[in-house]
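Just below is one structure, and these are the notes that go with it.
Here, residue 1 is the first one in the sequence, and each next residue gets the next number. All values below were derived from every heavy atom in this structure, side-chain atoms included, with hydrogens, water molecules and symmetry-related copies excluded.
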Amino acid sequence: MTADIINLRQARKARRRAEKETAAAENRIRFGKTRFEKDKAQAETEKATRSLEGHRLETPSRDDDGA
């Protein structure tokens, strides 16, 4: 019986590609957010900022230097 002949260079490249794809998949899970999630978080932050500014009793003066 003869063994299957493989090209070692191609096998190494295929293994490296598979390892990189596995690492990329882990990074997508760990760090990835969808555009919808990013937009939603930004909208919530802007809404909270507007709400806080709307409830401000006095607007800060630019001429005041805190003294």
Without placing hydrogens or testing angles, list every side-chain donor-acceptor pair under 3.5 Å for residues 38-46, not counting sequence neighbours.
from : atom 1 : to  : atom 2 : distance (Å)
Q42  : NE2    : E46 : OE2    : 3.2
T45  : OG1    : A41 : O      : 2.9

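Put simply, the side chain of E37 gets close to the backbone of T34: a donor and an acceptor are under 3.5 Å apart. Panel note: side chain T22, backbone A18; a donor-acceptor pair is recorded below 3.5 Å.
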#### Entry: Chi angles and distances behind the salt bridge (charged side-chain N to carboxylate O under 4.0 Å, His left out) call for E21, R16
CA-CA 9 Å; E21 179 57 34; R16 256 188 249 124; over 6 Å; no

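Side-chain atoms of E26 and I29, non-hydrogen and from C-beta on, never get closer than 4.5 Å to each other.
With rounding to the nearest 0.5 angstrom, the CZ atom of R17 is 13.5 Å from the CZ atom of R12. Here the CG atom belonging to N27 is positioned 5.5 Å from the CZ atom belonging to R30, to the nearest 0.5 angstrom.
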